[in-house]
Amino acid sequence: MSTIPDKPSLDGLEAKWRQRWADEGTYRFDRTKTRDQVFSIDTPPPTVSGTLHPGHVFSYSQTDMIARYQRMRGREVFYPMGWDDNGLNVERRVQLLTGTRCDPSLPYDPDFRPPETVRKKDKPIPISRPNFVELCGAVVEQLEESYFDLWSNVGLSVDWSHSYRTIGPESIRASQRGFLRLVARDLAYRSEAPTLWDVDFRTAVAQAELQDRETPGAYHKIRFEGPDGPVWIDTTRPELLPACVALVAHPDDERYQPLFGQTARTPLFGVQVPIVAHELAAPDKGTGIAMICTFGDTTDVVWWRELGLGLRAVVQRDGRLRPVTWGEPGWESTDAPAAQAAYDDIAGKTAKQAQARIVELLAEAGLMEGEPRPITHPVKFWENGTRPLEIVTSNQWLIRYPDKDAMLARGKELSWWPDFMRVRYENWVNGLQGDWNITRQRFFGVPFPAWYPVDADGNVDYLSPILASEESLPVDPTTQAPPGFTDDQRDQPGGFSADPDVMDTWATSSLSPQICTGWVDDPDLFERTFPMDLRPQAHDIIRTWLFYTVVRSHYEHEALPWANAAISGFILDPDRKKLSKSAANAPDSPDELLAKFGADGVRYWAANGRPGMDVAFEPGQLKIGRKLAIKLLNASKFALGLESTTAGQVTEPLDRSMLAALADLVAEATGAFDRFDYARALERTESFFWSFCDDYLELVKNRAYGAAGDEGAASARTALGLALRTLLGLFAPFLPFVTEEVWSWWQEGSVHRSPWPSADALREAAGADDSASPGDEPDPEVLAVAAAVLGEVRKAKSEAKRSMRTEVSAAVVADTPDRLALLALGADDVRSAGRIDALTTEPGDTLTVTVDLVPEA
RNA sequence: GGGCGCGUAGCUCAGUUGGCUAGAGCGCUGCCCUUACAAGGCAGAUGUCGUGGGUUCGAGUCCCUCCGCGCCCACCA
């Protein structure tokens with residue numbers, strides 16, 4: 001315990017308590033507790049690729065409020081922190097920051113140091129994969145340090161001894177083990193298939209990372225030679241003409257029915273392609289007959305697969321057209337030299353450049369009707385990419401999805417807060433196409449524990465993997481040899497070749513519940529914490545993180561990974577756009593917000609965001625929390641300055657009334673928190689607290705000082721003590737610093753380890769238990785009526801432009817008999833607080849107070 | 001095209017199963033240095049609860065239509 005300061009202040013509280021909590025292990029997880037005593041939280045590992053913004057503070061604070069509530073309810077809270085530091089986002093960040101680019105063909109350079117300053121227009125320096133991974137590691141370590149500082153400053157009650165990195169050994173072991181087990185059950189498999197491909201990052205991307213963007217394009221009407229004359233095709237991608245493998249129209253389309261089963265000749269390249277029917281062809285689009293290319297979009301893939309068409313791929317992984325020798329098998333042409341001449345003009349060009357040239361060639365040859373007609377249409381992009389995705393064929397690892405009914409059943413089994421977020425999950429499951437491609441042609445990630453045999457001719461058989469054993473994990477196939485081989489056989493005929501890719505970052509983070517609970521490395525901890533209680537996350541990654549996590553747990557444990565999913569909203573800027581640093585009216589950085597408004601102030605603001613609701617950033621709102629914290633300091637100083645206690649008897653009706661109302665508040669806040677509705681809990685508590693200060697404190701102030709004798713003073717002081725302890729408890733999840741400070745003035749231990757306030761105990765203190773005689777139940781209305789009358793008196797003084805200290809010679813209260821009876825119970829306090837000499841009553845319909853002020857001196 | 005959410009004071013938002021004259025904070029106006037609090041307190045003004053219907057004794061709250069905004073999903077030639 002410490003003394004109450006003369007002039008309470010928020011200054012220095014954060015540093016003081018942050019240090020104290022760390023020293024005393026206030027939030028340390030007690031791992032002797034068993035599963036039923038534990039509340040475990042699958043904290044979202046923030047992507048360590050930039051800076052945290054106010055939106056992060058917003059949602060992580062909300063989770064912390066739930067954690068603190070559960071801890072006070074007596075659950076042992078398992079609240080770890082993860083860092084998502086693998087994956088493309090980190091690589092991108094590192095490339096920008098260090099001005100480098102990974103070139104896996106280069107050898108490791110132990111002396112390499114990135115340039116001190118990097119300018120945007122500098123050409124990236126190619127470096128080896130080990131060098132690049134090293135740089136990534138250094139950059140994320142630095143960022144993680146600053147993230148840790150921020151989270152500590154915000155007051156997250158995380159147990160920092162339980163933290164993990166998605167690129168850390170425990171994550172790699174879990175990812176690789178999960179992967180091997182799926183392969184063993186044939187739930188993960190190797191496949192060579194068309195894949196959505198980002199040509200800038202040169203990697204495959206998964207369906208979940210796609211984004212449609214309205215993009216300018218143009219229809220080009222191109223002439224094919226059909227059996228009975230020209231066939232006109234509308235296309236937005238004329239550059240894929242050499243990749244055309246068929247023409248397709250709807251089976252019911254009478255215009256084209258005569259052509260089905262025949263062939264047409266492509267312009268410029270003279271390829272005879274079949275004319276086929278498929279119901280996906282839209283008669284109302286373009287000319288109603290389309291060219292199928294390998295591959296222009298995902299519909300092409302469907303047609304190609306379902307119609308068993310040939311393959312003529314031209315777009316390479318770098319987005320440029322690959323060299324082709326016309327006349328060779330697969331590239332037969334009725335005029336190979338002409339095809340070659342046309343193609344040589346576009347080979348090596350990007351899709352965009354090739355399109356321009358093809359259009360010129362078509363126009364010169366009179367094979368295009370009219371000018372291109374500009375349109376805008378949705379085109380698939382990688383969500384972080386800048387150029388449209390291409391589709392290329394490559395070797396990939398894929399995970400099969402469970403059948404939709406099973407996934408939907410898991411979605412129903414999970415408790416969603418708010419409930420309507422379940423729909424997003426169901427939408428996604430119902431729209432799934434194909435399997436989950438978990439392969440990324442990147443460098444800083446979890447490697448596949450796999451190698452491929454190299455035959456005597458030096459050809460790698462990418463479809464016959466050699467897998468590592470579970471015991472050998474973690475494995476890096478690029479530095480370790482597979483079982484039965486030695487490293488000098490690497491990339492040699494008759495030897496082996498390492499899997500060159502890494503896992504999709506979601507393939508790792510979908511195991512976050514297993515990683516943080518010690519699935520691989522700490523079975524005892526796993527036993528005590530899994531399946532988890534809560535997954536807090538934002539709604540934008542339901543289709544990725546949440547969905548994938550459910551799938552992995554379904555496969556691995558035949559169970560949900562957690563019982564509850566609390567979905568948070570976004571912070572929007574004042575223009576209702578998702579918050580972004582670049583916006584002109586972007587708010588301050590989290591650090592600046594914390595400096596300006598204090599952690600408690602920022603957390604207060606975060607707590608006002610309803611679960612699942614987006615909230616506009618409004619600087620004015622941030623001030624309120626700070627004000628509330630200061631008010632709490634001052635009100636506490638007042639109550640404790642009167643030697644308030646929690647041990648005495650509460651006898652006065654007004655005091656009992658206040659405690660009864662407080663008991664109702666506790667019950668309501670508890671119910672709200674149990675539904676993960678911290679916002680409602682705070683709103684109710686705050687509302688009570690302000691009227692507690694404005695009305696109750698004013699009403700009992702004089703009596704508490706002893707103006708009405710010892711018994712009345714003791715009752716007030718006990719009520720004040722009980723109320724203060726209760727309010728500190730109710731506010732503790734939101735305002736951890738200021739509540740802890742006040743708690744330390746008069747209580748032992750930490751408020752954050754104290755029991756959550758009990759409505760029953762308060763009712764008992766208010767004399768609401770069985771011992772209360774009939775008709776003597778404490779009634780919250782006593783305080784309400786007294787406060788209303790006091791308010792009328794204040795109003796009269798205010799309207800008379802007089803000080804609140806002004807004496808009232810006489811006040812007449814008119815109201816219903818019932819309410820007048822309630823007023824009688826608190827009349828002495830009302831007279832004292834209002835400085836009323838004579839307080840009389842008369843019957844009436846509604847509350848009216850006639851006030852006679854003593855004349856101005 | 002399908003779905004979800006939202007539309008309440010100038011601004012940001014509460015209004016839990018339909019129930020007394022619709023609330024809070026910010027902002028605005030006025031007053032007050034009252035021994036918890038002047039980087040504060042007290043008091044006050046402000047709303048056809050998006051539109052039009054319906055159910056009901058009674059609807060911001062339930063049902064239907066429409067309008068606007070945001071987001072999710074969708075095979076995008």
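Among the heavy atoms of the strands lying under 4.0 Å from A282(A) is at least one base atom, whether or not backbone atoms are also near. Using a 4.0 Å heavy-atom criterion, one finds that W303(A) contacts the bases of the nucleic acid, with or without backbone contacts as well. Contacts of K701(A) with the nucleic acid, taken as non-hydrogen atoms under 4.0 Å apart, include base atoms. Note on E698(A): a base of the nucleic acid sits closer than 4.0 angstrom, heavy atoms only. Within the nucleic acid shown, C293(A) has no heavy atom closer than 4.0 Å to any nucleic acid atom. Among the atoms of the strands shown, only primed sugar atoms or phosphate atoms (P, OP1, OP2) are found under 4.0 Å from some heavy atom of G431(A). Residue-level contact check: R626(A) touches neither bases nor backbone, having no heavy atom under 4.0 Å from any strand. If you check every strand for non-hydrogen atoms under 4.0 Å, L280(A) touches a base. Backbone-only contact: K795(A) has heavy atoms under 4.0 Å from sugar-phosphate atoms and none from a base. As judged by a 4.0 angstrom heavy-atom cut-off over every strand, A679(A) is placed among residues making no nucleic acid contact.
The phosphate of A77(B) has OP1 or OP2 within less than 4.0 Å of a side-chain N or O from H377(A). Residue K631(A) places none of its side-chain N or O atoms closer than 4.0 Å to OP1 or OP2 of G40(B).
Taking the P atoms as reference points, C62(B) lies 7 Å from U17(B), given to the whole Å. Between G50(B) and A14(B), the two P atoms lie 14 Å apart (nearest whole Å). If you take atom P in G27(B) and the same atom in C11(B), they sit 15 Å apart, rounded to whole Å. Using atom P as the reference point in both C13(B) and U8(B), the two lie 9 Å apart (nearest Å). Between the C1' atoms of G53(B) and A9(B), the separation comes to 27 Å (whole Å). Comparing the P positions of G1(B) and G19(B) gives a spacing of 37 Å, expressed to the nearest Å. Between A77(B) and G3(B), the distance separating the two P atoms is 24 Å to the nearest Å. Rounded to whole Å, the C1' atom of A22(B) lies 25 Å from the corresponding atom of C64(B).
Residues forming a ring-ring contact (aromatic ring centres under 6.0 Å, His included) with F224(A) (at least two apart in sequence, or on another chain): none. Scored by the side-chain hydrogen bond (donor to acceptor under 3.5 Å, both in side chains) test, D419(A) finds R422(A) as partners (sequence neighbours excluded). For F58(A), the ring-ring contact (aromatic ring centres under 6.0 Å, His included) partners two or more places apart in sequence, or in a different chain, are W605(A). For the side-chain hydrogen bond (donor to acceptor under 3.5 Å, both in side chains) test, no residue two or more places apart in sequence or in another chain qualifies with D252(A). With sequence neighbours excluded, no residue forms a salt bridge (charged side-chain N to carboxylate O under 4.0 Å, His left out) with R831(A). Under the rule for a side-chain hydrogen bond (donor to acceptor under 3.5 Å, both in side chains), the partners of E426(A) that lie at least two apart in sequence or sit in another chain are K412(A). When the side-chain hydrogen bond (donor to acceptor under 3.5 Å, both in side chains) test is applied to R213(A), the partners found at least two apart in sequence or on another chain are Q211(A).
Position along RNA chain B of the nearest nucleotide to A635(A) versus Y219(A) favours A635(A) as the more 5'-ward residue. Between F638(A) and D695(A), the residue anchored closer to the 5' end of RNA chain B is F638(A), taking for each the nucleotide with the nearest heavy atom.
Residue-environment remark: NZ (K404(A)) exceeds the threshold of 12 foreign heavy atoms within 6.0 Å.
Sorted by first and then second residue, the pairs that involve residues 273-295 of chain A and meet side-chain hydrogen bond (donor to acceptor under 3.5 Å, both in side chains), not counting sequence neighbours, are H278(A)-W303(A), H278(A)-E306(A).
With rounding to whole Å, Q537(A) atom CD is found 14 Å from C72(B) atom C1'. Put simply, NZ on K801(A) is 14 Å from P on C33(B), counting in whole angstrom units. If you take OH of Y604(A) and P of G25(B), they are 9 Å apart, rounded to a whole angstrom. Put simply, OH on Y678(A) is 14 Å from C1' on A14(B), counting in whole angstrom units. Here A36(B) presents its P atom at 13 Å from CZ of R717(A), a figure rounded to the nearest Å.
Looking only at side-chain heavy atoms (C-beta outward), P283(A) and R255(A) come within less than 4.5 Å of each other. Put simply, the side chain of C293(A) does not reach to within 4.5 Å of the side chain of R237(A), judged on heavy atoms.
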> When you check every protein heavy atom under 4.0 Å of nucleotides 15-21 of chain B, what one-letter string (B, S, -) results, 5' to 3'?
Replying inline: SB-----
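Scanning RNA chain B for stems, defined as runs of 3 or more consecutive Watson-Crick or G-U wobble pairs whose donor-acceptor distances all fall under 3.5 Å, gives the following ranges: B:1-7 with B:67-73, B:10-13 with B:23-26, B:28-32 with B:40-44, B:52-54 with B:62-64.
A cation-pi arrangement is absent between K627(A) and Y604(A) under the rule of less than 6.0 angstrom and at most 45 degrees off the ring axis.
Closest approach to the M804(A) side chain among G30(B), C37(B), U34(B) is made by U34(B) (side chain taken as heavy atoms from C-beta onward). Taking the side chain of K7(A) as heavy atoms from C-beta on, and the options A38(B), C75(B), U35(B), the nearest nucleotide is A38(B). Across A74(B), U35(B), G27(B), the shortest atom-to-atom separation from the side chain of W428(A) is found for A74(B). Checked against A36(B), G40(B), C32(B), the side chain of K627(A) finds its nearest nucleotide in G40(B). With U35(B), G25(B), C37(B) as the candidates, the nucleotide lying closest to the side chain of Y705(A) is U35(B).
Contacts of residues 232-240 of chain A with RNA chain B (heavy atom under 4.0 Å): D234(A), T235(A), T236(A).
Atom NE2 of H250(A) and atom CG of L280(A) lie 8.5 Å apart (nearest 0.5 Å).
Side-chain atoms of S798(A) come within donor-acceptor range of the base of G30(B), with a qualifying N/O pair under 3.5 Å.
Between L682(A) and F731(A), the shortest heavy-atom contact is CD1-CE2, 4.0 Å. A833(A) approaches L699(A) most closely through the heavy-atom pair CB-CA, 3.8 Å.
Only one option out of K221(A), R373(A), H220(A) pairs with D234(A) in a side chain to side chain donor-acceptor pair (under 3.5 Å); it is R373(A).
In summary, the aromatic rings of F688(A) and Y696(A) are positioned with their centroids too far apart to meet the 6.0 Å limit.
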Under-3.5 Å N/O pairs linking protein and nucleotides 3-8 of chain B:
none

